[in-house]
Amino acid sequence: MRLSDLQTGQRAVIIKVYGHGGFRKRIMEMGFVSGKLVSVLLNAPLKDPIKYKIMDYEVSLRRSEAAMIEVVAESEAGTRFESEMLGTTIEEHIDRIVRRHGKRIHIALVGNPNSGKTSLFNAASGGHEHVGNYSGVTVDAKRGEFVYKDYRFIIYDLPGTYALSAYTPEEVYVRRHLVEQTPDVVVNVVAASNLERNLYLTTELIDMNPKLVVALNMYDELQHSGGTFDYKCLGDMLGVPFVPTVARTREGLHELFDTVIDVYENRDASVRHIHINHGEVIEEGIRALSAELKSHEETVPNFPPRYLAVKMLEGDREVEHLLGPQPWYDRLKEVRDREVQRIEKQLGEDVETAVTNEKYGFISGALKETFTPGCNDEVKTTRIIDSFVTHKLFGFPIFILLMWVMFEATFTLGQYPMDWMESGVEWLKQTVQGWMSPGPLKDLLVDGIIGGVGGVIVFLPNILILYLFISFMEDSGYMARAAFIMDKVMHRIGLHGKSFIPLIMGFGCNVPAIMACRTIESRSSRIITVFINPFMSCSARLPVYLLLVGIFFPSRASLVLTGLYLLGIVAAVVTARIMRRHMFAEDETPFVMELPPYRLPTWRSTLIHMWNKAGQYLRKMGGVILIASIVIWFLSYYPNGGEAAGGAAADMSESYLGRIGHAVQPVMAPLGFDWKASVALLTGTAAKETIVSTLGVLSAEQNFTPQSALAFLVFVLLYFPCLATLAAIRNETGSWRWVLLSVVYTTLVAWIVSFAVFKAGILIG
Ligand code: GDP
Ligand code: MG
């Protein structure tokens, strides 16, 4: 809890003070040190400053300052800090609280995409987050906890970034996390296989001056390449300890966290705050601005003035936002504008470029002294493979071949385990049937639960196979190449190659796919990609296809299935073009896409990924789908369930579900759907797998014709994104407007296209 969170009259013990050197020193001199008791005299909402009582005198602190002080309130500690209790004095008691809470270390993992943050996070916390070999798999902070050497570590896996400016959503996200959550120690994950670019972020972190440790990850690749790196020496030069790690095999993790503890407890000898020299011309500007800032230091507790000065010169929007409300901001801006003008005139380039160049100059100087690259055979293999898969002529056929193999394996190979599971479910049904006496409970169990959940669970193997392929393509680095060769095509529909990965991920599940859109820098491209994603046929729709295709089109299964996936893609493409033409301006942001080296994914990581997905799918079975099955069964069984018991399924049209279906049916009639199909579509809005359960419970398949079955498949493909997807759309676009538009648009499109398909089907016969 932070001091600023306390209400008037509450008391708390101070645990630690965050913030940079000058600020922290001043606050601590005022008496805010760990172990001291503080109580709130007056904290009125919206009122600044807040009045405190500490060591028997009154002080007031700005809200922003109080937010940098970590405390444990009486309510949190569960005791009152007053009387003597159980033989311990109040001092001993408080001491114990401070020690217990002081032994929690919050860590933020910060690093470039693909540096191995998520692998490190998983290895440390025993988590099962997905690792992927392209930028931006992690789009949210993942939190994990573990205990090591009687410290409790709270570790956050942050999105990958190349810098800490405010250009991409990730950069803003990471910076906010560092400022607002104020981690105790920042672990900068640096890929040893690409030092120069990775260390750029390190220099930005050094400017910010948190407690910092560098995890020199992928150290195995560096050793493998035959390069030598005196990381100890570099660490001493930068004032940051470097610890080599191999996150994939957990090597070096103990050393890493030992170092984190040492840095946290201020006992690592190599820690020292250095100033990265930006050259005399820029330094002069930094000096002028920091002098100005230092005279108001108490009002900017979160950052060292030097960092703010550099960012001001670079014209950083977030920092301007942070300082904007200050009364002296105009004066500061004046100094800034004058300095920027001077620097640009003297150097002949804009400040941002100049600062970047200076930083790179600093890095290459530091590396020259400490690093000798080997002949990197990994790079050579990568180049050879790349010359094929991104080849002008071969690139596309290879890609299409891989997609074909993926779907073929999903459907054909997946058929065998699916058959086994089907007989399993059937066996279970028969067993329960013979074993229970007739009555509603038996009907609920057999028809409702086993029928509903069992009907969906049999598709687990297909889904696992699909995910195995997607995960392998991500982890190996191929997905990034696919995005690369798709860039031209994506430009045709007004998007970037970067939008391609979320779209492919959509074949698995639209929810993570929509979340992955966060890596797209341009807002318009991001929104379009989010919006069209539900047209990518997710694996939840697969059970419906397999069921109906199996009944009505067994001989032309591949054709129909491929057709459905393609139809979804066409709908997405057309929608994207319409949106780009009528809702957004042309997007001119230049395209940058990383091509990370190929890596053979380990079995461990691929299996973890698969197990994850299986777990998600099974949880959905136990959750939404189980509940939906039971609800649907009830609605179909009652109010006439009592007398109809004994198997009068024909009477179901008299049930509640039947009535709802009948009410909706007129709208659906032109598409050839009866009331049962209409009900199935209604229940499918929760989660599309539910459609299969509903069809099963109602035995609705019997009333389809091939034409209406096809129209139904098309409708299921296109209509209403499921609830989880809508939640993701709301999150990523930040507004309900897009959610509403998505519901209306997709359902309308579904109706129109299904209608066309149904009519065309009847014409053809
Ligand atoms: P993130 O983007 O920083 O979260 O990186 P990931 O953890 O997703 O890892 C990217 C890729 O690097 C994955 O294919 C990992 O298996 C691989 N990787 C991670 N750590 C190491 C390591 O120490 N050595 C090697 N050789 N590969 C690693
Ligand atoms: Mg990651």
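All ligand and atom numbering here is 1-based and tracks the order in the structure.
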Side chain or backbone of Met218 under 4.0 Å from ligand 1, or both, or neither, by non-hydrogen atoms?
both

Under 2.8 Å from the Mg ion (ligand 2), is there an N/O/S atom belonging to Ser119?
no

Using heavy-atom distances, let me know which of Leu222, Asp220, Asn112 sits nearest atom 26 (N) of ligand 1.
Asp220

Under 4.0 Å between a side-chain nitrogen and a carboxylate oxygen: does that hold for Lys311 and Glu204?
yes

Assess, by modelled atom type and distance only, whether the side chains of Glu171 and Ser165 contain a donor and an acceptor separated by less than 3.5 Å.
yes

Ser115 touching ligand 1 at heavy-atom level, < 4.0 angstrom:
yes

Between Asn122, Leu120, Asn217, Val246, which one has a non-hydrogen atom sitting closest to atom 21 (C) of ligand 1?
Asn217

Heavy-atom proximity to atom 15 (C) of ligand 1 ranks first, among Pro159, Pro244, Ser119, Gly111, for Ser119

List the atom of Pro159, the atom of Glu170, and the distance in Å for their closest heavy-atom pair.
CB-CG, 3.5 Å

Using a strict 4.0 Å cut-off to heavy atoms of Gly116, name the atoms of ligand 1 that fall inside it.
1 (P), 3 (O), 5 (O), 6 (P), 7 (O), 9 (O), 19 (C)

Sequence neighbours left out, cut at 3.5 Å: what donor-acceptor pairs do the side chains of residues 233-247 make with other protein atoms?
from, atom 1, to, atom 2, distance (Å)
Thr245, OG1, Asn217, OD1, 3.0

Is there a polar contact between ligand 1 and Asn114, counting only N or O atoms under 3.5 Å apart?
yes

Kindly check if the number of other-residue, nucleotide or ligand heavy atoms within 6.0 Å of NE2 (His273) is above 12?
yes

Results of ring-ring contact (aromatic ring centres under 6.0 Å, His included) for Phe388 - residues two or more places apart only:
none

